[in-house]
Amino acid sequence: MKLFSFATAEKRAEYLWVLRAFDHARANYIVLLHAGDVARILDGLAGDDPAGQLGAGDVTPLLEQLHVWEVLERSYDGTRAATLAEYRNRHFVYQFSQAGYQVFRAVEDALAARLDDASLSRLALPDLLADMNDLAAANRAADNDLVYRKLNRLDATLSDMAGRAAQFYLTLGDLVRTTEITPETFMSHKDALLTHMREFSSDLSRYAPKLAAAIALVEDTGVESMVARAAASDERVFLDVEEREADWRARWAGLTHWFVGSEAGPSESERLREGTMSAIAAVLSLLRRVTETRKGGVSRESQLRHLAGWFAATPNEDAAHALFQAVFDLGRPRHLSMVHPDADIIPDTRSWWEAQPVEISRTLAETGRPPSPGLPARVQRNEGSVRRLREEQLTAQRLRAAAAQSLARGGVYERELDESETDVLLSLLNAALTARVPVSGRVKSSTGSENGVKLTLSPHSESTVVHTARGRLHLDGLQVSVR
Amino acid sequence: MKAREISPLALDSYQRAARVILSNHLVTQTYPDRIALPLLRRWATELREDLMTLFGYRLEVTETTARLFTVSDRLDAGTPAKTATDRTFDRYRYAYLALALAALGRAGNQITLSELADHVAADAAQVDGVDLSTERASDRDAFVDAVGWLAARGAIALADGDAGGWAANPDAGEALYDIDRSVVIALFRPPRALQHLRSIRGLLAGADSVTDDDTAEFGTSRTVDVKETTRRVRRALVERPVVYAADLDDHELVQLALPRTAADVELLTGLVAERREEGVAMIDSSGRLSDVRFPGTGTVAQVALLLAGEIADRVLDPDTPETARMPLPRGRSEDLLEQVDSAIPQSGIFDSLAGHDGVEPEQPAPADRLFPVVEDEWITDTVRTLTDRFGRTFAAGWQADPDGLGRAALALLERLRLTAAVPGGVLALPALARYRGVVVTIRDRTPEIDLFQSSANDSEDITA
């Protein structure tokens with residue numbers, strides 16, 4: 001009877017609170033709890049009872065002891081760890097064992113001496129829906145007893161569902177979280193699991209929206225009045241009316257939370273559906289692991305053990321290498337490299353001894369290092385001619401600058417421009433005319449600048465003439481000024 | 001053959017894909033690199049058909065792995081597993097590898113190194129001759145090598161920690177791995193259950209044909225399947241450095257002589273066939289379809305190359321007496337078979353299911369081809385001479401050990417089928433002659449110091 005040990009232990013009040021936390025979580029359809037989760041739940045649950053004031057550190061040994069007494073099942077948190085520390089510190093998660101839950105209920109019932117909701121209706125979402133509709137009608141008709149009966153039944157149905165869900169995850173947790181899997185454990189649970197999952201996911205997806213609509217309908221008829229009516233007809237005579245009302249309000253809140261999501265998160269039914277989907281994936285991967293081991297009559301594992309023994313017994317390393325290659329089949333082929341530069345000219349029937357050898361880089365043979373292009377060669381520079389060209393360029397520039405200056409000083413008209421001045425003028429004109437973009441109408445004026453002087457072309461009533469060393473330059477309707 | 005229908009522009013990519021899968025046999029998302037798997041997936045359909053037609057190899061490409069199931073014609077000890085630091089696996093590492101794969105097969109999604117070690121240690125206790133004690137540093141090293149090999153191939157991926165730390169001190173170090181189930185499965189998928197084998201022959205090509213008692217009587221007169229013979233020749237071409245005519249039987253010789261046999265392999269892989277009187281060598285210009293590169297870099301490869309040149313000179317030298325000639329030594333593969341078979345743990349065999357793996361021993365090919373023999377003493381002397389002349393470019397460890405260097409170089413040449421060991425010496429096989437005349441004049445970088453010995457230096461120059 002070690003299952004009941006917690007009820008007589010020194011810290012029985014603490015143990016009871018821990019278990020109440022589990023029960024509370026279970027009522028919210030959360031089955032697996034960390035020590036931290038338990039502490040958090042107790043924070044809200046225990047109120048001002050000193051025995052319920054437990055931190056995560058206090059909870060851990062209690063959980064361990066409860067596990068030893070087999071009231072709680074312990075397993076690893078199965079989510080993927082990102083770091084080693086996370087993996088190592090990965091807490092155990094606990095859940096009620098089947099017997100442990102019964103024991104706790106028994107103890108809790110004995111302590112609370114409540115009237116037990118004896119009749120458990122079977123899991124049937126259609127019934128839930130029908131009850132919900134009836135509840136709306138009853139509330140509208142102000143039929144206190146009927147409201148109470150319907151609410152009671154809804155509550156019972158949900159408890160049943162919760163119980164099944166809890167059981168389901170308990171079993172699944174057993175299966176999926178173990179690192180060792182035998183086909184027997186899998187086969188024994190497989191059918192039940194698959195049936196359960198199929199029912200849950202299809203029923204939930206079908207009924208959840210309808211139920212949500214029905215709940216909305218009920219809420220339209222007035223939640224407060226419904227709670228009051230239910231409380232009025234409540235058979236639990238030892239609770240006063242306020243307590244009964246609060247109880248029913250909480251139950252109704254729990255019920256709506258089941259099917260109607262809030263801003264805080266998805267509804268319980270959605271969560272359950274998601275949980276079911278991931279459970280299906282887990283079971284499938286489990287199935288794969290089981291079938292993989294069973295392929296070929298002998299299990300993969302026993303083959304590998306056989307192989308390990310085989311490796312260990314090989315008389316020499318070469319035999320081990322050969323065995324490795326034959327069994328694992330990962331071998332790499334081997335080929336000579338260096339293609340013949342002129343392969344085509346050697347006849348196929350010539351012997352290797354007579355055919356021309358391949359060309360091998362001298363560096364490779366001499367040093368064992370790959371031939372490289374080596375350092376970049378020295379650039380050839382003819383400093384003298386570079387200097388000469390540069391000087392010529394500078395002289396030309398100086399002459400041009402002087403011409404530009406004299407052009408600016410002397411003006412363009414009324415004199416003959418010399419050779420270099422003409423060059424400057426023409427290049428300035430070139431720049432000015434290129435810059436001119438006649439889009440429409442007349443172009444007012446344009447400029448071009450070079451060598452520190454600026455040439456402006458402005459419209460003129462008639463042609464102007466510039467005398468240059470090379471002849472006369474007629475500018476049609478333009479006047480030139482250089483500054 | 002699908003390769004013929006691929007446009008010349010895409011052919012390079014196709015051949016690259018073929019080389020990747022032929023050289024690794026297993027390609028995962030990370031092994032040998034990240035681009036390999038997408039490349040293979042692109043050409044999966046064509047490759048699957050071509051590999052089956054040409055070699056009888058089966059290619060399976062899944063979401064995360066590509067696996068080539070090959071057919072091996074003979075045992076070969078030439079491509080052992082290597083650690084990350086390029087050391088060769090020993091028997092214990094192989095055994096740990098097998099046990100680690102077994103443990104990973106039943107593990108969940110993640111595992112720590114110490115958990116894996118515990119599983120392997122527990123399994124090892126059930127296996128004769130294998131023992132893993134995490135107390136012993138050497139055991140830990142061997143185990144970590146096996147785990148590293150698995151990690152390199154993507155079977156497990158390091159999520160945190162490091163294995164080296166654990167090997168150094170298992171109390172302080174630890175590593176966490178994610179397990180990739182598909183790779184774990186793909187790594188070990190022998191064509192037949194190992195416990196059904198009485199001999200490793202059962203895994204080699206042709207084992208199926210004579211397992212029935214009915215056909216065993218006619219085993220000696222089995223009909224020659226031309227298609228299978230051609231595949232066998234092509235397999236030899238794509239796997240071995242040189243296929244010598246002296247190794248083949250008459251039917252295979254016919255297939256080897258057909259230009260198409262090698263041309264098909266050329267088209268698929270991009271290798272270049274070099275056809276000579278004595279056989280065919282598929283030359284790898286990409287350097288990717290080979291586990292060793294020759295001529296390659298490094299002291300051993302350098303000495304092997306120089307030695308090849310010297311051996312060729314010795315054989316061709318008209319001034320020295322004609323060397324003795326011998327046929328190719330046989331039975332290396334047979335010896336290996338016997339050694340491997342002798343190690344089968346008899347207790348593990350399932351008698352009721354074990355077949356008779358009585359494949360006929362290969363018919364010895366006519367031994368009419370003789371190859372020149374070079375004596376061991378001559379080789380030792382030559383390596384010493386080479387060390388004197390080129391020694392300053394050698395890796396320091398080898399400079400001091402010319403004999404070991406000679407052995408390593410010879411082993412390399414033998415692996416490349418350029419020489420073959422015989423009692424008292426080595427045979428110079430014909431493809432060796434590709435590398436004639438590699439002995440070069442060493443350039444003198446310090447002529448000022450070498451004022452009076454330059455003439456002596458010249459006299460040592462050997463040119464072919």
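Every heavy atom of this structure was used, including side-chain atoms; hydrogens, water molecules and symmetry mates were not. Chain letters run A, B, ... following the sequence lines, proteins first, then strands; residues in each count from 1. Note that the structure is predicted; figures quoted are calculated from it, not measured.
Heavy-atom pairs under 4.5 Å with chain B peak, among A:Pro347, A:Ala319, A:Pro315, at A:Pro315. Per-residue heavy-atom pair counts under 4.5 Å with chain A were compared for B:Glu274, B:Met282, B:Arg153, B:Glu277, and the maximum is reached by B:Glu277. Note: B:Thr112 leads B:Ile111, B:Val272, B:Thr112 in heavy-atom pairs under 4.5 Å with chain A. Per-residue heavy-atom pair counts under 4.5 Å with chain A were compared for B:Glu338, B:Gln302, B:Arg276, and the maximum is reached by B:Arg276. Counting heavy-atom pairs closer than 4.5 Å to chain A, the top residue among B:Tyr96, B:Trp149, B:Phe394 is B:Trp149. Ranked by heavy-atom pairs shorter than 4.5 Å toward chain A, the options B:Val280, B:Leu187, B:Leu337, B:Val130 are led by B:Leu187. Listed options B:Asp178, B:Leu26, B:Leu271, B:Asp128 were ranked by heavy-atom pairs under 4.5 angstrom with chain A; first place goes to B:Asp178. Ranking A:Ser337, A:Ala322, A:Ala355 against chain B, the residue ahead of the rest is A:Ser337, based on heavy-atom pairs under 4.5 Å.
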For side-chain contact (heavy atoms from CB on, under 4.5 Å), just list the numbers for A:Ser302 and B:Gln195, CA-CA rounded to whole Å, side-chain angles, deciding distance to a tenth of an Å, and then say yes or no. CA-CA 9 Å; A:Ser302 70; B:Gln195 280 113 316; 3.0 Å; yes
Verdict with supporting geometry, A:Val358 and B:Ile283, side-chain contact (heavy atoms from CB on, under 4.5 Å): CA-CA 12 Å; A:Val358 292; B:Ile283 308 297; over 6 Å; no
Report the C-alpha distance between A:Arg334 and B:Val292 in whole Å, list the side-chain angles of each, state the deciding distance to 0.1 Å, and finish with yes or no for side-chain contact (heavy atoms from CB on, under 4.5 Å). CA-CA 7 Å; A:Arg334 183 176 299 149; B:Val292 287; 3.6 Å; yes
Side chain to side chain donor-acceptor pair (under 3.5 Å) between B:Glu278 and A:Ser351, worked out: CA-CA 6 Å; B:Glu278 299 95 338; A:Ser351 162; 2.4 Å; yes
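Taking all atoms of both residues into account, the shortest heavy-atom contact from A:Glu317 to B:Asp90 is OE1-CA, 3.0 Å. Smallest separation of non-hydrogen atoms from A:Trp310 and B:Pro345: N-CG, 3.5 Å. Pairing each heavy atom of A:Leu330 with each of B:Arg67, the nearest pair is CD2-NH1, 3.9 Å. For the residue pair A:Ala308 and B:Val127, the shortest heavy atom distance occurs at C-CG1, 4.1 Å. The shortest non-hydrogen separation linking B:Arg288 to A:Arg332 is O-NH2, 4.0 Å. Contact between A:Pro333 and B:Ser23 at its shortest, heavy atoms only, is CD-CA, 3.5 Å.
No part of B:Ala124 comes within reach of chain A, as not one of its non-hydrogen atoms sits under 4.5 angstrom from that chain. With a threshold of 4.5 angstrom between heavy atoms, B:Ala312 approaches chain A through its backbone and through its side chain. For B:Val120, no part sits under 4.5 Å from any heavy atom of chain A, backbone or side chain. Only the side chain of B:Val242 comes within less than 4.5 Å of a heavy atom of chain A; its backbone N, CA, C and O stay farther away. With a threshold of 4.5 angstrom between heavy atoms, B:Tyr92 does not approach chain A through any atom at all. Both the backbone and the side chain of B:Leu101 come within contact range of chain A, judged by heavy atoms closer than 4.5 Å. Only the side chain of B:Leu316 comes within less than 4.5 Å of a heavy atom of chain A; its backbone N, CA, C and O stay farther away. Neither the backbone nor the side chain of B:Ala301 comes within contact range of chain A, judged by heavy atoms closer than 4.5 Å. For chain A, no part of B:Leu113 is nearby; none of its heavy atoms comes within less than 4.5 Å. With a 4.5 angstrom heavy-atom cutoff, A:Thr349 touches chain B only via backbone atoms.
At distances below 3.5 Å, at least one donor-acceptor pair connects side-chain atoms of A:Gln303 with backbone N or O atoms of B:Leu194. Remark: the backbone N or O of B:Thr70 is paired with a side-chain donor or acceptor of A:Asp329 at under 3.5 angstrom. Using a distance-only test at 3.5 Å, with no hydrogens or angles considered, a donor-acceptor pair links the side chain of B:Arg91 to the main chain of A:Thr314. In this structure, the side chain of A:Arg300 engages the main chain of B:Phe188 through a donor-acceptor pair within 3.5 Å. Using a distance-only test at 3.5 Å, with no hydrogens or angles considered, a donor-acceptor pair links the side chain of A:His335 to the main chain of B:Val238.
Rounded to the nearest 0.5 Å, atoms CG (B:Leu104) and CD (A:Glu301) are 10.5 Å apart. Between A:Trp353 atom CH2 and B:Arg436 atom CZ the span is 8.0 Å, to the nearest 0.5 Å. Taken from CH2 in A:Trp352 to CG in B:Leu432, the straight-line distance is 11.0 Å, to the nearest 0.5 Å. Separating the CD atom in A:Gln325 from the CG atom in B:Leu336 is a distance of 10.0 Å, to the nearest 0.5 Å. Between atom CG of residue A:Asp318 and atom CG of residue B:Asp335 there is a gap of 10.5 Å, rounded to the nearest 0.5 Å. Rounding to the nearest 0.5 angstrom, the gap separating the CG atom in B:Leu97 from the CZ atom in A:Phe328 is 4.5 Å.
Within a 6.0 Å radius of CD in A:Glu359, other residues, nucleotides and ligands contribute 12 heavy atoms or fewer.
The closest side-chain heavy-atom distance from B:Arg434 to A:Pro357 is not below 4.5 Å.
By the 30° and 60° cut-offs, the orientation of the rings of A:His321 relative to B:Tyr94 is perpendicular.
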